[in-house]
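Quick notes on the structure that follows.
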2 protein chains.
Amino acid sequence: MTLKELSDLLGLSPTTVSRALNGYPEVSEATRKKVAAAARAHGYAPNTRARALATGRAMAIGHVIPISAKHEMVNPIFADFTAGAGEVYSRNGYDMLMSVVSDDDEEQAYRSFATKRNVDGLIIHAPSLNDQRIPFLNDLGLPYVVHGRSSNATAPYAWVDVNNTRAFQRATELLLDLGHRRIALLNGLEHMDFAARRRAGYEAALAARGVTPDPSLMFSGEMTEAQGHDLTRTLLARPDRPTAILVSSMIMAIGVRRGIEELGLTLGRDVSLITYDDDLSYFRNGSDIPVYTATRSSVREAGRRAAQMLIDIINGKDSPTELLLEAELTLGMSTGPARRD
Amino acid sequence: MTLKELSDLLGLSPTTVSRALNGYPEVSEATRKKVAAAARAHGYAPNTRARALATGRAMAIGHVIPISAKHEMVNPIFADFTAGAGEVYSRNGYDMLMSVVSDDDEEQAYRSFATKRNVDGLIIHAPSLNDQRIPFLNDLGLPYVVHGRSSNATAPYAWVDVNNTRAFQRATELLLDLGHRRIALLNGLEHMDFAARRRAGYEAALAARGVTPDPSLMFSGEMTEAQGHDLTRTLLARPDRPTAILVSSMIMAIGVRRGIEELGLTLGRDVSLITYDDDLSYFRNGSDIPVYTATRSSVREAGRRAAQMLIDIINGKDSPTELLLEAELTLGMSTGPARRD
DNA sequence: CGAACTTCCCAAAGCGCTTTGAATGCCTCA
DNA sequence: TGAGGCATTCAAAGCGCTTTGGGAAGTTCG
């Protein structure tokens, strides 16, 4: 069913039918009602491609999903972020266009979005400290919102981020309050902006209490369960082993727990653990009492906010283009006072 | 840069330029070279929307991501499936259009894909035993491939699935071989086709050995970590507690492990566990020796195969439209002989 | 040498929609 | 009564591409 067919059926011109459906005022109420009824009856919906061509707007947002070429790893938080963003998109009539790309050809993917003109805007994931995509996209002239920040960026850009520094600072402070002094940090890859900020928060908290950060207690890498496990085993085998561990992801924390328990130790008593928790829908941190003490911020909510911000930008609204969300620190069963050895 | 601009630049007609770029034979090699060079130099790429309108093909595949309305849960395997499918799409010039939808309005989402004509085909996730989407889509006339099967479907349809029955049958047999008789099953929601098949495999294996399936040992629900933990605690509190547990997802298995260890028991010694493992990129089952004994099948590979099948269907190739993948049973550290109590 | 092909290129139509500019009919008011 | 205004509607152009149907050269061959 095309517009032409529908208008023939109604004995009206395509112009009038189009206007009736799109809510233009130059159409009588009676006609509008008739048109709307006929459209519903025949299940008419405008062909997106034709409309996009005519209006110059694709009504779609692009997401580029980079896959770590080395580890073939998909970012696990991506599904929940997507779900949040997707809610907002469908509420606003936008589609979501996804492009899966090995992280080497990421720039190519953006360029292709721009030249093929099949999206009205982009969401950028996982920015690094000095992310080249930002100047690149500023040149490209396609609106975008970054999920996260890029500390060394010089030009302004729109972003939604969590206060990673503060989250890790508070978590470290809590551990210090509990008497811990040897606190390990299992962080994400440090060229990632969020990881750098988390370490900064951790170091700031230590420094504020006069504890010198010990580089041999800090690690950064892919945030997998296996990695968490292996590092924990290594750490706990040391004579001067840490009494507490700060972890950058729930999935890694699960590996840490496994490592601890393999040694017959008890989480929260022998070793304390605080993890960052993205509040993933398939990995909720316990029901009543959280399993893990955690700094939590919903990545799904971040998805919603980023999507809304991008749509606002596309529509020329001048709402704020920077949004810093605070993570909450929830007390669970994985922390306790430092034990005297 | 439009085709018109490029052709003016070259002193050629849009027709010729279009043909040169699309590999039609009615164009001299010399011209083709010139055109290709100019296109590259000016970063020209055809406007997707215009091309789609002209050719009647959207060059995009739709995925509908249903979100469990009750639990606000995103299927965790979805990200990896997507990654696999996405690889194949980009290799073939297709985009992936994603629609996030609460599971009540899912049908509406398909209908809208069909009438708006912005995709050439669909991938259907998580079919139930008697999935209404199949007859619905057969009427709609949009090609689709189901990830999974729907046992009660009457009409034929294209699918890629894992042999869930056989996987769980083999896993159960292994546990029986190890001397286990009281084997619990923590399954997914049983209106889901995969869950029903897994239970069938489990029951068949028991029956073959003369063990009567005990309904009080079978559970079905959302496959979360918390659920795995809670059910395990309940199970192990029973006087006639099971000596082995069969679990439908890695994430649930992690909760099971937590439950076991909280009770001071040891996984693989006091209680055996076999889990289904979708080989998620962010949750690899150990590095050398797998942590869990598992029936494993890569959901990412399933994504690749489903995508390829769909593209073949769209292009009218008559390649097979049913694909049953076998899961491998890998021995890990979570199984051992049943202990005499 | 001229007919019959080839080879290479182009003009124009058309995909299904939106939007501009104009036309029609009716009403109001001096 | 006729100019001007308003409410409705429509014809046609245009979005950027592909594709059909020629057409003008250049080749081949009897």
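Naming: A, B, ... by sequence-line order, numbering from 1 per chain.
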Has A:Ser18 got a side-chain N or O lying under 4.0 Å from the OP1 or OP2 atom of C:dC17?
no

Pairing donors with acceptors under 3.5 angstrom, does anything connect the side chains of B:Arg32 and B:Tyr24?
no

Regarding the side chain of B:Thr2, the nearest nucleotide among D:dC17, D:dG21, C:dG16 is D:dC17

Answer with base, sugar-phosphate or nothing: what part of the nucleic acid does A:Ser28 contact at a heavy-atom distance below 4.0 Å?
sugar-phosphate

Between D:dG16 (C1') and B:Arg51 (CZ): distance, integer Å:
11 Å

Atom CZ of B:Arg32 and atom P of C:dC8: how far apart are they, to the nearest Å?
10 Å

Rounded to whole Å, how long is the line connecting atom CZ of B:Arg57 with atom P of D:dC17?
18 Å

Output the rounded distance in Å from CZ (B:Arg49) to P (D:dG14).
19 Å

Under 4.0 Å between a side-chain N/O of A:Tyr24 and OP1 or OP2 of C:dT19, yes or no?
yes

Test A:Val119 against A:Leu142 for side-chain contact (heavy atoms from CB on, under 4.5 Å), laying out the working first.
CA-CA 9 Å; A:Val119 299; A:Leu142 204 57; 4.0 Å; yes

Could you state the atom-to-atom distance from CD of A:Glu26 to P of C:dA23 in whole Å?
17 Å

Length of the line joining B:Met59:CE and D:dC17:C1', which is rounded to integer Å:
14 Å

Whether B:Thr31 contacts C:dC9 is assessed here as follows: a side-chain N or O lying under 4.0 Å from the phosphate OP1 or OP2. Is that the case?
yes

Counting neighbours of CZ on A:Arg149 that are heavy atoms of other residues, nucleotides or ligands and sit closer than 6.0 Å, is the number greater than 12?
yes

Taking C:dG16, D:dC17, C:dC9 as options, the one with an atom nearest any side-chain atom of B:Leu12 is C:dC9

Can you find a side chain N or O atom of B:Tyr44 that sits less than 4.0 Å from OP1 or OP2 on D:dG16?
no

Return the 5'-most residue of the pair A:Val27, A:Thr55 with respect to DNA chain D, ranking by each residue's nearest nucleotide.
A:Val27

Do B:Asp80 and B:Tyr282 touch side chain to side chain, with heavy atoms closer than 4.5 Å?
yes

Nucleotide D:dC17, atom C1' - distance to CG of B:Asn47 in whole Å:
8 Å

C:dT20, C:dC17, C:dG16: which one has an atom nearest the side-chain heavy atoms of A:Arg19?
C:dT20

With sugar-phosphate meaning primed atoms plus P, OP1 and OP2, does A:Thr15 contact a base, only sugar-phosphate, or nothing at under 4.0 Å between heavy atoms?
base

Write down the distance between CG (A:Leu3) and P (C:dT19), rounded to a whole number of angstrom.
12 Å

Looking at A:Asn22, does any N or O in its side chain come under 4.0 Å of the phosphate oxygens OP1/OP2 on C:dT18?
yes

Tell me which nucleotide among D:dT18, D:dA11, D:dG16 gets nearest to the side chain of A:Ser13.
D:dA11

Between B:Tyr110 and B:Leu140, which heavy-atom pair has the shortest distance, and what is it?
O-CD2, 3.8 Å

